[in-house]
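I have placed the structure first, in the form of structure tokens, so that the comments after it can refer back to it.
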Amino acid sequence: MEWYIPLGPLELAMLGYACMNRTLREREPPLRCNRGMQRKTWESRGIEYAAELARRNLADLYEILQWNAENDIYFYRCSSDLVPWNSQFDLEDLPDYGGIADLAADCGEFVREHGMRLTFHPAHWCKLASETESTVENSLTAVEYHADWLDLLDLDRSPYYGINVHIGATYGDKAATAERFRDAVARLSPGARKRLTVENDDKASLWSVPELVEAVGETVPVVFDYHHHQFTDRGLTYRAAFDLARTTWGDIRPVAHYSEPARLHGADARPQAHADYAAAVPAWLREAADVMVEAGAKERALLALRAGAD
DNA sequence: AATGGTCAAGCAGAA
DNA sequence: TTCTGCTTGACCATT
């Protein structure tokens, strides 16, 4: 498979948003692609209900993608609840797997035909560098089923359609942790490994851009998170850190994350908290990366930002 | 129908 | 040693 580089308004970076579309979520009936279930429901209703939720999530994903296209949004992070409890079964085991695969294929076709970029971001308990083997196995499984979804969507095995994780811990020894992370990456299937990206953390003790580039940048592209950089700057300016992360992407347009501290917007919050809106994405970042805007107001923050910037 | 406590997964750091 | 924050709802038992 060749890497797909979309033609698009290249003078404008693609700006994206994550998971929930609030506008569509408020419709009646609500549209969303993150229906999940709690343990008791999983235990009582099992894979039949998981298949039902997956069908509804994929049907709504198609409508979310359509809404995005109508609103000139070409970058979207899809929820990790797309197929709930997928750690417990293979996609092929789902009742009506064929119908689910068809829905996914429609979504993927829409993404390709509109030159969209779609990514995933497994949750914080995905710890590929854990000291606990069972945790590493669970984390490998998580990355694999995200890759299975991208295969089902028929999107290329490239960080263009990335699966983004954090290392997210140091276990008191960064060098050893980096080695375990590299070992875990080597255990992934090729389809999962080719899509993996890694992001800088939001705590001083954890992983900065230069540390990630040094530790894993040769094989795993580094996503630069602008907001997180202030906690792990290691003396680098935002721009220097991004330029360093950029070197890990080869011919693929980098992904960067952008958000502003809630505190800047008047909220009484911890420094790491994201604001509901963003005032402006730096031009140098927009020009060189597809920018995922992580803001509480989701797609509304994106539309507001674009209206203000243009 | 409305309510409020709880929710699969891992870690760091504060309490 | 235990609790809280991750993102911010959504789920579910109870009323």
Side-chain angles (χ1 to χ4, degrees), chain A residues 17-26 29-47 49-50 52-53 56-57 60 77-89 119-146 163-174 176-178 180-181 184 198-208 225 227-228 231-232 257-263 267-278 292-301:
Chain A
Y17 68 99
C19 302
M20 183 170 49
N21 181 308
R22 294 188 178 276
T23 304
L24 296 177
R25 182 68 185 80
E26 287 167 12
L31 295 180
R32 46 190 286 236
C33 62
N34 64 343
R35 295 175 185 82
M37 58 178 136
Q38 296 186 6
R39 177 193 278 278
K40 281 187 179 170
T41 306
W42 164 248
E43 286 169 354
S44 62
R45 304 186 64 177
I47 198 170
Y49 191 47
E52 169 62 21
L53 293 180
R56 294 165 65 190
N57 286 341
D60 285 3
R77 179 195 301 164
C78 184
S79 164
S80 287
D81 271 328
L82 186 63
V83 182
W85 290 85
N86 202 358
S87 61
Q88 306 300 307
F89 53 82
T119 59
F120 284 102
H121 197 351
H124 57 267
W125 49 76
C126 179
K127 289 292 196 297
L128 289 169
S130 176
E131 295 180 295
T132 307
E133 169 60 16
S134 59
T135 300
V136 178
E137 287 171 9
N138 292 343
S139 302
L140 291 167
T141 299
V143 177
E144 292 292 346
Y145 67 71
H146 284 84
I163 301 169
N164 181 51
V165 301
H166 290 266
I167 297 183
T170 65
Y171 313 91
D173 184 341
K174 275 191 176 147
T177 299
R180 284 195 307 278
F181 187 85
V198 65
E199 173 185 349
N200 52 317
D201 287 302
D202 68 354
K203 276 197 269 194
S205 64
L206 300 184
W207 293 86
S208 66
D225 187 302
H227 175 53
H228 293 174
F231 304 103
T232 58
H257 293 176
Y258 183 81
S259 57
E260 294 170 7
R263 281 181 169 182
D268 176 23
R270 45 198 292 282
Q272 284 87 352
H274 294 178
D276 286 341
Y277 288 88
M292 175 64 52
V293 177
E294 297 176 318
K298 302 294 183 184
E299 86 288 354
R300 286 172 182 151

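These numbers come from a predicted model, not from an experiment. All values below come from the heavy atoms of this structure, side chains included, with hydrogens, waters and symmetry mates left out.
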Whole-Å gap separating P (C:dA10) and CE (A:Met20)
6 Å
With a cut-off of less than 4.0 Å, is there a side-chain N or O of A:Arg35 near OP1 or OP2 of C:dG9?
no
Scan A:Arg77, A:His227, A:Glu260 and name whichever one has a side-chain contact (heavy atoms from CB on, under 4.5 Å) with A:Glu294.
A:Arg77
I need the NE2-C1' distance between A:His124 and C:dT4, as an integer number of Å.
11 Å
Between B:dA8 and C:dA13, how far is it from one P atom to the other, in whole Å?
11 Å
Output yes when at least one side-chain N/O atom of A:Ser205 is less than 4.0 Å from OP1 or OP2 of B:dA12, else no.
no
May I ask you to say what A:Trp85 touches in the nucleic acid, namely base, sugar-phosphate or nothing, with a heavy-atom cut-off under 4.0 Å?
base
CD-CD distance between A:Gln38 and A:Glu43, expressed to the nearest 0.5 angstrom:
11.5 Å
A:Phe120 and A:His146 aromatic ring geometry - parallel, tilted or perpendicular at 30°/60° bounds:
perpendicular
With A:Asp81 as reference, evaluate A:Asn34, A:Asn86, A:Leu53 under the side-chain contact (heavy atoms from CB on, under 4.5 Å) test and give the passing residue.
A:Asn34
Pairwise P distance for C:dC3 and C:dT7, with rounding to whole Å
23 Å
Candidates B:dA8, B:dG13, C:dC11 - which lies nearest the side chain of A:Arg39
B:dA8
Based on Watson-Crick and G-U pairs with both distances under 3.5 Å, what dot-bracket line describes DNA chain C 5' to 3', crossing pairs as [ ] and inter-strand pairs as |?
||||||..|||||||
Taking C:dA10, B:dA12, B:dC11 as options, the one with an atom nearest any side-chain atom of A:Ser130 is B:dC11
Whole angstrom value for the distance that separates P of B:dG13 from CZ of A:Phe231:
14 Å
Could you tell me the separation between the CZ atom of A:Phe89 and the C1' atom of B:dA9, rounded to a whole number of Å?
15 Å
Separation of the P atoms in C:dT8 and B:dT6, to the nearest angstrom
22 Å
Please report the distance, rounded to the nearest Å, between CG in A:Asn86 and P in B:dA9.
18 Å
Kindly indicate, with the supporting measurements, whether the criterion side chain to side chain donor-acceptor pair (under 3.5 Å) is fulfilled by A:Asp201 and A:His166.
CA-CA 7 Å; A:Asp201 287 302; A:His166 290 266; 2.9 Å; yes
Measure the spacing between CD1 of A:Ile167 and CG of A:Asn200 and express it to the nearest 0.5 Å.
11.0 Å
When rounded to the nearest 0.5 angstrom, what distance separates CG in A:Leu140 from NZ in A:Lys127?
14.0 Å
Indicate whether A:Trp125 forms a stack on B:dG10; treat it as stacked only if centroid distance is below 5.5 angstrom and interplanar angle below 30 degrees.
no
Would you please confirm or rule out a distance under 4.0 Å between OP1 or OP2 of C:dG9 and any side-chain N or O of A:Arg22?
yes
What interatomic distance, in whole Å, is found between C1' of C:dG9 and the corresponding atom of B:dA12?
24 Å
What integer distance in Å separates A:Tyr171:OH from B:dC11:C1'?
7 Å
Can you tell me which nucleotide in B:dC7, B:dG10, B:dA12 comes closest to the side chain of A:Gln38?
B:dC7
Euclidean distance, atom NE2 of residue A:His274 to atom P of C:dG5 [Å, nearest integer]
16 Å
How is A:Ser87 classified with respect to the nucleic acid when contacts are heavy atoms under 4.0 Å: base, sugar-phosphate, or nothing?
base
Taken to the nearest whole Å, NZ/A:Lys40 to C1'/B:dG5 is 12 Å
Which of these, A:Leu128, A:Val165, A:Asn164, sits in a side-chain contact (heavy atoms from CB on, under 4.5 Å) with A:Pro122?
A:Val165
